[in-house]
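A short worksheet on the structure shown next.
All ligand and atom numbering here is 1-based and tracks the order in the structure.
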Amino acid sequence: MNKKLFAFVVSTLISVQTFCQTNPTLDVQHYRFAIDLNDSNNIIKGEAQITIKFWQDINEIKLDLVQKRQDGKGMTVTNVKQNESDISFLQDSQHVIINTTAKTGEEQVYTIAYEGVPADGLIIDTNKFGHRTFFSDNWPNRAHNWLPCNDHVSDKASVEFIVTAPEHYQVVSNGVQIEETNFPNHLKLTHWKEDVPLPPKITVIGVADFAVNYAGSVDCIPVYSWVYPEDKDSGFYQYSIAKNILPWYIQHVGPYAYKKLANVQSKTIFGGMENANTIFYFEKSVGSTGLESLMAHEIAHQWFGNSASESDWPHIWLSEGFATYMTHLYHETKYGVDSFNKRMQTDRDTVISFSGKKNTPVVDTTSASNLMKLLNPNSYQKGGWVLHMLRRKLGDTLFWKAIRTYYATYAGTNASTEDLKKVFEDVSRQNLQAFFKQWLYTPGQPKLNIGWKYDAAKRSVTIKIEQMQNALFEFPLEIGFFNGNKTIVKSIAIKDKITIKEIALNIRPTRIIADPNVSLLFEEEISELR
Ligand SMILES: [Zn+2]
C-alpha cells in the first residue's frame, strides 16, 4: 500500500489489534463469500462457506469475526452448518467459535450465516460525487470486521465473492468474473472467482456506479480501468499507464501471478491499496500528480506482498521496502540514474529524520498492539535502502539473480527476513549475517564525523572517519575528491569507531564528497582539519 495518507489513517482508525496467527492448527483452503447489499441501510447479509484443512485434531474452531458491539456495529452470526447439518457456535468480541471436531489431515466445509453493519473493513460511504459506494479495505487484519476468516497474512486461500446488490451497481473483485445475472426485483448478482490463494488482507470487493475501460493486454493479461463515470475521460487516460508499467515487472522479476489487472478508483483510506489484481487508488488519484509512481508501487506489490508475502507482520518490509525500491528501479530505467539518485536521497533524508524520533529496527516486533504503526519509514524507505545496499554490495547481476530467485522460491507462499537472507547468501555465496544484523535488526544508521587534511609536501590527504552512533557498523564508504574539474573516488572500509586513512593525491582537493554515488544509508558532517 502507499501510505501517502498515513497521518489521516492514524487519526481515523481507533486501533487495529494484532494477534499472532490465531490458528496454527488449521489452514483455510477456500472462501466462498455470498454478500447481499442494499440501498436502504448499511446492513450486510453474508453467507461464508469456508473449506478448512486441519493440521491437528481439534475440538473447536476459532475464526476471526468482529461481534456486534454496543454502538450497533459488528456482525451477528445466525447459523453455522457443517455439511448440511446445523452445529452449535459461540461468539466473543473478535471470534466465532464453532463447536466441532476434526482429525489431523481432514478437510471440512463450514457455512456461516451472519449479518450486521461493518464496523470497519467494508467502507459504505458516498463518493466525491455524492453516490453511494461499497469498498472493502482489509489491510492489515480488518477483513474480519465483515468476513469470518483466519485473518492473518500467513493463511492463504482461494476466494469467491458472490455479491447481490441493486442492479445499478457494478461489482469488481479479485480474479475473473464468472457470472452476472439480473433478477426481476431490480437486483443483480455478480460472481468473481480467484483461484490463486490470497491472504485476507488483499481480498476485495468494490461496488459502485463505474465506468470500465479495457486499456490493453500485456502478455495476455488484460488491464482494466474502473473509475467513477464523472471521471471517465481523464481516469481512463491516466490509469491506462498501468499497461506500460506492468511489462517492466514481468521482465525484471518474473511472470505475473494473476489473470487480470484492474486499477480501481475507490474510497480506500490509503493512497493506494494493492488488493490482488484489483488495485484500489484513493478517489482523487484521478487528476493527481505522482500517479505513475503510485501505480508502480502498487503493481510491484503484486509480486512482493501479494504473491510472495511476508510470513508475519514484523517482516512487512518484504512488502513495502520492495514496493518502494522497485518503484525507484522502474524510475531509473525510465527516467535515468539522476532521477533515481534523487529519489534515494529523499528517502535517505526521510529515514534519518524518522530514526531521530523512533529507535526501532526494520524488523520490528514491538508494534504488535497497533499494526498501523508499521506503516513507517523503516518499512518503506529504509527497507528500500537495504535492498539498494544489497545491490551495491553484490553488483547488479547477482542482485537481480537473487531477486528473481527469491520471487521464484516464494511465489504463492510466505517468506521471512531470514528466508530472503538465505536466498541472497546462496546466490552470492557471501555470508550476509553481519549485513542483515546491522541494517535490519539494529536501529539507526551510521552517523559519521569526517575530517580531512591535505599535506602538499607529501602529496596526500589524510582522512579521519569517526562513527558517532551507538552500535558500530561495517561498510565501505566512498569518498570523492573534487579539485575543480574532476572527481577521484576512493573506497574506504569502515569497521572501527575511528578509521584514519592516508590517500595519495597529486593536487589539493577543493572539496570532498562522502558517498558521491549514493550507495550508503548514513548521515555525515565533513570538515577540513586545520
Ligand atoms: Zn505498499
Side-chain angles (χ1 to χ4, degrees), residues 1-10 13 16 135-143 153 174 198-204 242 245-246 248-249 253 256-258 261-264 266 268-282 285 288 290-331 343-344 346-347 350-351 354 362-364 367 371-388 403 406-407 410 414-415 417 420:
M1 112 224 13
N2 189 291
K3 61 184 174 61
K4 231 179 211 167
L5 305 179
F6 181 54
F8 167 72
V9 169
V10 169
L13 288 167
V16 176
F135 287 106
S136 68
D137 212 36
N138 287 346
W139 195 95
N141 57 356
R142 288 149 63 221
V153 62
N174 311 107
L198 308 177
K201 67 170 185 168
I202 49 168
T203 62
V204 78
I245 298 171
L246 188 57
W248 188 91
Y249 287 99
V253 182
Y256 182 71
Y258 309 105
L261 173 61
N263 294 287
V264 184
S266 79
T268 177
I269 62 170
F270 304 108
M273 177 57 218
E274 65 266 21
N275 307 304
N277 60 64
T278 312
I279 302 170
F280 279 13
Y281 300 90
F282 70 115
S285 59
S288 76
L291 184 65
E292 184 177 14
S293 294
L294 178 59
M295 287 191 140
H297 179 104
E298 305 309 336
I299 292 171
H301 274 308
Q302 304 307 311
W303 283 260
F304 303 107
N306 291 6
S307 180
S309 308
E310 62 275 22
S311 57
D312 203 350
W313 306 117
H315 305 279
I316 186 184
W317 80 278
L318 297 173
S319 282
E320 299 304 347
F322 270 73
T324 302
Y325 192 54
M326 288 293 147
T327 300
H328 297 332
L329 291 169
Y330 165 81
H331 267 261
R343 296 173 72 93
M344 293 309 298
T346 303
D347 279 8
T350 306
V351 174
F354 180 70
V362 172
V363 179
D364 177 10
S367 292
L371 294 173
M372 286 293 171
K373 285 187 182 166
L374 292 171
L375 303 183
N376 65 46
N378 269 353
S379 304
Y380 288 75
Q381 287 89 344
K382 191 171 177 186
W385 255 98
V386 170
L387 290 171
H388 182 54
I403 291 286
Y406 168 72
Y407 181 69
Y410 291 101
N414 298 76
T417 303
L420 179 83

Legend entry - Qualifying salt bridge (charged side-chain N to carboxylate O under 4.0 Å, His left out) pairs with a residue from residues 291-304, counting only residues at least two apart or across chains: Glu292-Lys334

Legend entry - By ring pair (Phe, Tyr, Trp, His ring centres under 6.0 Å) - contacts of Tyr410 (at least two apart): Tyr406

Inset, instruction - Confirm or rule out an N/O/S atom of Glu320, from backbone or side chain, lying less than 2.8 Å from the Zn ion (ligand 1). - result: yes

Legend entry - Whether Ser319 has an N, O or S atom under 2.8 Å from the Zn ion (ligand 1): no

Inset, instruction - Compute the ring centroids of Tyr256 and Trp303, then answer whether they are less than 6.0 Å apart. - result: yes

Legend entry - Option among Val362, Val153, Val363 that satisfies the side chain to side chain contact (heavy atoms under 4.5 Å, CB included) test with His315: Val363

Inset, instruction - Report, rounded to 10°, the angle at the Zn ion (ligand 1) between the two atoms O (Met1) and NE2 (His301). - result: 160°

Legend entry - Atom name, His297 (N, O or S, nearest to the Zn ion (ligand 1)): NE2

